[in-house]
Structure formats: structure tokens, C-alpha cells
Asker: 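Before anything else, here's the structure in question.
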Amino acid sequence: IFVEGIDFGFNAQVLRNGDFGWFEFSSGNATGYSFLQNMPELLNALRASGYDIILLDFADGALEIERNSALLQGLISLANEYKTGFEELKIAGASRGGQICRVALKQMENAGIPHCTSHYISLDSPHQGANLPLSMQAAIYYSSSFNAGAQDFLTSFLKRPATLQLLILQFNE
């Protein structure tokens, strides 16, 4: 199971959530995701070894970590219910997805729910928080009163639950 990170919004033209979906994950041709250029070879090797690949693409990747973690817990339970054989799951998350994985697995353990996961991989996850300088946050807040672009950025990105949970320090307007 691969868990995406923060991905804002829904793109109805390509039937996916946000700007990252199966095409970007699997093709290696995604604009802005050059680090995925070798993904087709990796996915083919995993499939050849008998693995199924699941990409968890959140309807709103910028919701609270607890909400997206609950969705992942449901997916883990479904994967374990419908898998054949006794192979344990492997779960990887990039950026905020790594944190969502960690929270989901820990919550399942705390609740006594078996997640049957042998590997957890966290890629570029800000486990100690994200740093967006207070001066930059203040400039965005200030500019939002007279600039539509800044207002859009403030409401669409900076004031979203995931962003607020990640920021080490937050500018209070």
C-alpha cells in the first residue's frame, strides 16, 4: 500500500483527487515528480514478485491526520480480509503519507486490531514538523486582505487542517 501525502483538491478532468494520482505514481512521466522516473521498473518488479499495488489517493489529502488515518486503517483491514496467502502487508508513505501510515499503524496496535504489516516505509516525511517562517506566513496573511492570489493561497493551503497540524510555528492573525 502506498499512501500519498498532502494533495489539495479534486481534479474531475482526470478523475482523481488533487494533482497526484495513479498516472503520476506509475508512469514515471509526471511533471513535478521527477523522483518517480524509475517507478515503472519498481512496480513491474514488485508485480513480477507477486505483489499487488494499492495507491491510497485521499478525497482531501489536507484533512486532519486522524481522518485520513482512519481511512487507511479501513484499507488495511480490507486488504487483510481479501488477500490470499499469509504474506504481510508492506506500507509506504511519502511526505505526510508517512505520518498517516505511522498514526494508522499505532492506532490499530493501541486498539488491538491486527494490521499484519511487516514493513513500514516513510519517505521524506516531516515527523518533527514543517517549518514555514513566521515572516512568510505573516506576509501571506497581510497580503490576503488586498490580493486575491494571497487570499486563495491562505484559504486553500495555509489554513487547511493538515498544514496547521504540520507547522512547527503558526502565525496568529
Side-chain angles (χ1 to χ4, degrees), residues 1-11 15-26 30 33 35-36 39 42-43 45-47 49-134 137 154-173:
I1 299 174
F2 185 85
V3 181
E4 72 164 354
I6 293 179
D7 197 2
F8 298 94
F10 177 73
N11 187 335
L15 298 176
R16 69 162 181 250
N17 299 311
D19 65 355
F20 184 87
W22 183 256
F23 172 78
E24 289 76 14
F25 177 68
S26 63
Y33 299 99
F35 58 90
L36 294 175
M39 190 57 79
L42 174 62
L43 295 178
L46 290 171
R47 285 189 197 104
S49 296
Y51 290 98
D52 292 317
I53 312 295
I54 300 171
L55 171 65
L56 180 53
D57 183 17
F58 298 105
D60 187 347
L63 292 177
E64 297 85 356
I65 197 167
E66 297 81 9
R67 289 188 61 182
N68 286 335
S69 167
L71 181 60
L72 176 56
Q73 290 175 55
L75 178 58
I76 290 169
S77 294
L78 282 171
N80 281 315
E81 181 179 344
Y82 289 100
K83 71 181 179 185
T84 58
F86 299 100
E87 183 77 26
E88 291 189 318
L89 301 177
K90 281 65 172 168
I91 299 178
S95 189
R96 180 148 170 105
Q99 295 171 304
I100 291 168
C101 292
R102 187 185 77 202
V103 169
L105 294 171
K106 183 63 176 168
Q107 287 179 336
M108 291 179 84
E109 289 172 2
N110 288 346
I113 301 168
H115 51 67
C116 303
T117 300
S118 64
H119 292 78
Y120 155 62
I121 302 164
S122 176
L123 307 165
D124 197 29
S125 294
H127 290 287
Q128 295 182 351
N131 185 22
L132 180 60
L134 288 175
Q137 293 179 51
L154 181 66
T155 57
S156 298
F157 301 104
L158 194 55
K159 284 190 169 184
R160 296 301 311 277
T163 307
L164 295 173
Q165 285 181 319
L166 278 173
L167 289 175
I168 295 169
L169 296 172
Q170 297 173 12
F171 178 79
N172 296 318
E173 53 181 324

Asker: First locate atom CD1 of Ile65, then atom CD1 of Ile100, and finally report the distance between them rounded to the nearest 0.5 Å.
Answerer: 5.5 Å

Asker: Got a salt bridge between Arg160 and Asp60, using NZ or NE/NH1/NH2 to carboxylate O under 4.0 Å?
Answerer: yes

Asker: Identify the two heavy atoms, one from Ala79 and one from Ile1, that lie closest to each other, and give their separation to 0.1 Å.
Answerer: CB-CD1, 4.4 Å

Asker: Considering non-hydrogen atoms only, spot the tightest contact between Leu72 and Ala104 and give its length.
Answerer: CD2-CB, 3.7 Å

Asker: Restricting to side chain to side chain contact (heavy atoms under 4.5 Å, CB included), what partner residues turn up for Ile168, sequence neighbours left out?
Answerer: Asn131

Asker: If I take atom CZ from residue Arg102 and atom CD1 from residue Ile91, how far apart are they, to the nearest 0.5 angstrom?
Answerer: 14.0 Å

Asker: Are the side chain of Gln99 and the backbone of Pro126 linked by a donor-acceptor contact shorter than 3.5 Å?
Answerer: yes

Asker: Excluding sequence neighbours, so at least two apart, what forms salt bridge (Lys or Arg N to Asp or Glu O under 4.0 Å) with Glu64?
Answerer: none

Asker: Can you name the nearest heavy-atom pair linking Ser125 to Gly98, along with the distance?
Answerer: OG-CA, 3.1 Å

Asker: Could you state the interatomic distance from CG (Leu55) to CG (Leu43), rounded to the nearest 0.5 Å?
Answerer: 9.5 Å

Asker: Just jot down the side chain to side chain contact (heavy atoms under 4.5 Å, CB included) partners of Ala130, sequence neighbours excluded, or say none.
Answerer: Leu166

Asker: Which heavy atom in Tyr120 sits nearest to a heavy atom in His127, and how many Å separate them?
Answerer: OH-CE1, 3.4 Å

Asker: Supply the atom-to-atom distance Phe2 CZ to Leu56 CG, rounded to the nearest 0.5 angstrom.
Answerer: 10.5 Å

Asker: With sequence neighbours left out, write down each residue that passes side-chain hydrogen bond (donor to acceptor under 3.5 Å, both in side chains) with Arg67, or none if nothing qualifies.
Answerer: none

Asker: Pairs under 3.5 angstrom only: tabulate donor-acceptor contacts from the side chains of residues 105-112 to other protein residues two or more places apart or in another chain.
Answerer:
from	atom 1	to	atom 2	distance (Å)
Gln107	OE1	Ser69	OG	3.1
Gln107	OE1	Gln73	NE2	2.6
Glu109	OE2	His115	NE2	2.9

Asker: Identify the heavy atoms of Leu169 and Gln137 that sit nearest to each other, and give their distance.
Answerer: O-NE2, 3.0 Å

Asker: Looking at OH of Tyr51 and CG of Leu42, how far apart are the two atoms once the value is rounded to the nearest 0.5 Å?
Answerer: 11.5 Å

Asker: Might you point out which heavy atoms bring Phe58 and Leu71 nearest each other, and give the distance in Å?
Answerer: CD2-CD2, 3.6 Å

Asker: Lys90: what forms a salt bridge (Lys or Arg N to Asp or Glu O under 4.0 Å) with it, not counting sequence neighbours?
Answerer: Glu87

